[in-house]
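Below you'll find the structure, written out as structure tokens, and then a few comments.
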Amino acid sequence: LVQFDCKTDVDDLQTVAAFVTLLSNPKFSRIQYHAVAGTYGIQDGLYVPPNTLFQLAFGDNWTDAHNNIIPAVAQVKTIIKSVFDKQGNIWIAEAGQSDFTAMLIKAIKSAFPEISISNRLHVIQHSEWNENSTSPENLQFVKENADYKKIPDGNTVGNGTPGFRDPGYKYWKYKITDLKMMEVWQHAIDLSNKYNGKEGSYNNEAIAAGGLDFSDLSEV
């Protein structure tokens, strides 16, 4: 599961493009994934509507938690249950906050109390800001009921993450050869430029400078 808050930083949009580019590599073709949009916490600010990008990148393999939070929890809960039934594990890359994850865990515990998930549901978070923008009780609940791992911030280098944020990198068109990936990246960048810093939302300086920021891919 890759869960994108899309509020208020537009870096999620470019992370969508980076994620689907990664999965287009044959080495990763067997990865089973599902994307979720709108998994934000208690932060204020503009929600960046990503639906056209998600549809382009993922087809129907994504869930809209922004417009339909309760049905979204039910849908993703069913996906998780199907994996657990096959003795599989769930990995959640949180490109945002943990509130939606808390709702998922509570729904699973309520519907399937026989399933022990503390060692089978792994949550990866990279941002202290995301943690601070999660409802404190929900963050504590996730930490106590899942295998929660906090890694270093993916916005910087030299800390063990790749540092997928670079205001000076403008050469992506020379690296993308697949036409579908080119379309996804162009749409992600167009949306980023349209919503970055608008209506009091966060101004991503790397993107404003014409560079790239897909720092939330670090959890993946």
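Index from 1, following the sequence.
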Side chain to side chain contact (heavy atoms under 4.5 Å, CB included) between Thr39 and Asp99, intermediate numbers included
CA-CA 7 Å; Thr39 58; Asp99 295 83; over 6 Å; no
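- With Ser215 as the partner, the side-chain hydrogen bond (donor to acceptor under 3.5 Å, both in side chains) test is satisfied by one option alone out of Asp9, Thr15, Asn155, Asp153: Asn155.
- Under the 4.5 Å side-chain criterion, counting only non-hydrogen atoms from C-beta, Val76 is in contact with Val36.
- Of the possible donor and acceptor atoms, one in the side chain of Arg120 sits under 3.5 Å from a partner among the backbone N and O of Gly88.
- In the hydrophobic cluster analysis, where Ile, Leu, Val, Met, Phe, Trp and Tyr join through side-chain heavy atoms closer than 4.5 angstrom, Val16 is grouped together with Ile31.
- Taking the centre and axis of the six-membered ring of Tyr47, the NZ or CZ atom of Lys7 falls outside the cone set by 45° and 6.0 Å.
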Asn130 and Glu94: CA distance, side-chain angles, deciding distance, side chain to side chain donor-acceptor pair (under 3.5 Å) verdict
CA-CA 9 Å; Asn130 283 343; Glu94 286 193 334; over 6 Å; no
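- When only modelled atom types and interatomic distance are considered, His126 and Thr161 share no side-chain donor-acceptor pair under 3.5 Å.
- Linking ILVMFWY residues whenever their side-chain heavy atoms come closer than 4.5 Å, directly or via other members, places Val10 and Ile189 in the same cluster.
- Taking 4.5 Å as the limit, every side-chain heavy atom of Asp216 sits out of range of all side-chain heavy atoms of Phe19.
- Put simply, CD on Gln55 and CZ on Phe58 are 10.5 Å apart, with the number rounded to the nearest 0.5 Å.
- A 4.5 Å side-chain heavy-atom check between Ser135 and Phe141 finds every atom pair outside the cut-off.
- The minimum heavy-atom distance between Arg165 and Ala206, with the atom names listed, is NH2-N, 3.5 Å.
- Checked options Phe4, Phe54, Tyr33; the residue passing with Trp62 is Phe54 (criterion: ring pair (Phe, Tyr, Trp, His ring centres under 6.0 Å)).
- Counting only heavy atoms from C-beta outward, the side chains of Gln125 and Lys149 never approach each other to under 4.5 Å.
- Residues Tyr40 and His66 have side chains that bring a donor and an acceptor to within less than 3.5 angstrom of each other.
- Ile79 approaches Ser82 most closely through the heavy-atom pair O-OG, 2.6 Å.
- Side chain of Ser110 to backbone of Ala107: no donor-acceptor contact under 3.5 angstrom is found.
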Side chain to side chain contact (heavy atoms under 4.5 Å, CB included) between Leu121 and Trp91, worked out:
CA-CA 6 Å; Leu121 193 145; Trp91 294 83; over 6 Å; no
Verdict with reasoning, Thr101 to Gln3, per side chain to side chain donor-acceptor pair (under 3.5 Å):
CA-CA 9 Å; Thr101 301; Gln3 299 177 176; 3.0 Å; yes
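- Annotation: Asn25, atom CG; neighbour count of heavy atoms from other residues, nucleotides and ligands within 6.0 Å is above 12.
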Could you walk me through whether Asp147 and Asn119 pass the side chain to side chain donor-acceptor pair (under 3.5 Å) check?
CA-CA 6 Å; Asp147 176 31; Asn119 295 317; over 6 Å; no
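- Residues His187 and Leu191 are in side-chain contact: their nearest non-hydrogen atoms beyond the backbone lie under 4.5 Å apart.
- Relative orientation of the Tyr169 and Tyr171 rings is perpendicular, given thresholds of 30° and 60° on the angle between their planes.
- Rounded to the nearest 0.5 angstrom, Thr63 OG1 and Asn68 CG are separated by 9.5 Å.
- Ser98 and Val142 make their closest contact through O-CG2, 3.7 Å (heavy atoms, listed as atom of the first residue, atom of the second, distance).
- Considering only heavy atoms from C-beta on, Met181 stays 4.5 Å or farther from Trp172 through its side chain.
- For Asp12 against Ala95, the heavy-atom pair with the smallest separation is OD2-O, 3.3 Å.
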For a side chain to side chain contact (heavy atoms under 4.5 Å, CB included) check, start with the C-alpha distance between Gln97 and Trp129, then their side-chain angles and the critical distance, and finish with the verdict.
CA-CA 9 Å; Gln97 295 71 47; Trp129 189 91; 3.6 Å; yes
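- In this structure, Phe164 and Phe214 have parallel ring planes: the angle between them is below the 30° cut-off, well short of the 60° mark.
- Distance check: Asn159 CG to Ile151 CD1 gives 8.5 Å after rounding to the nearest 0.5 Å.
- Salt bridge annotation for Lys194-Asp190: absent, with no cationic side-chain nitrogen under 4.0 angstrom from a carboxylate oxygen.
- Note: Ser201 OG to Asn196 CG = 6.5 Å, rounded to the nearest 0.5 Å.
- The environment of Glu137 atom CD is dense: over 12 non-hydrogen atoms of other residues, nucleotides or ligands sit within 6.0 angstrom.
- In the hydrophobic clustering of ILVMFWY residues, with side-chain heavy atoms under 4.5 Å counting as a link, Val2 and Ile105 come out apart.
- Ser192 and Leu13 make their closest contact through N-CD1, 3.7 Å (heavy atoms, listed as atom of the first residue, atom of the second, distance).
- No continuous path of ILVMFWY side-chain contacts below 4.5 Å connects Leu22 to Leu179, so the two sit in separate hydrophobic clusters.
- Considering Thr134, Asn132, Asp5, Thr8 as possible partners of Gln43, the one that fulfils the side-chain hydrogen bond (donor to acceptor under 3.5 Å, both in side chains) test is Asp5.
- For the pair Leu104 and Val73, the minimum side-chain heavy-atom distance is below 4.5 Å.
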Before giving the answer on side chain to side chain contact (heavy atoms under 4.5 Å, CB included), spell out for Ile115 and Lys81 the whole-Å C-alpha distance, their side-chain angles and the decisive distance to 0.1 Å.
CA-CA 9 Å; Ile115 296 178; Lys81 175 62 162 52; 3.7 Å; yes
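- When hydrophobic clusters are built by joining Ile, Leu, Val, Met, Phe, Trp and Tyr residues whose side-chain heavy atoms come closer than 4.5 Å, directly or via intermediates, Phe28 is grouped together with Leu217.
- Annotation: side chain of His122 is in contact with side chain of Asn89 (closest heavy-atom distance under 4.5 Å).
- Note that CZ of Phe100 is 12.0 Å distant from CG of Asn138, once rounded to the nearest 0.5 Å.
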Step-by-step side chain to side chain donor-acceptor pair (under 3.5 Å) determination, Asp213 to Asn204
CA-CA 8 Å; Asp213 183 352; Asn204 188 309; 2.8 Å; yes
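- Contact detail for Ile117 and Asn145: the closest heavy-atom pair is CG1-O, 3.8 Å.
- Rounding to the nearest 0.5 Å places NZ of Lys77 at 14.5 Å from NZ of Lys106.
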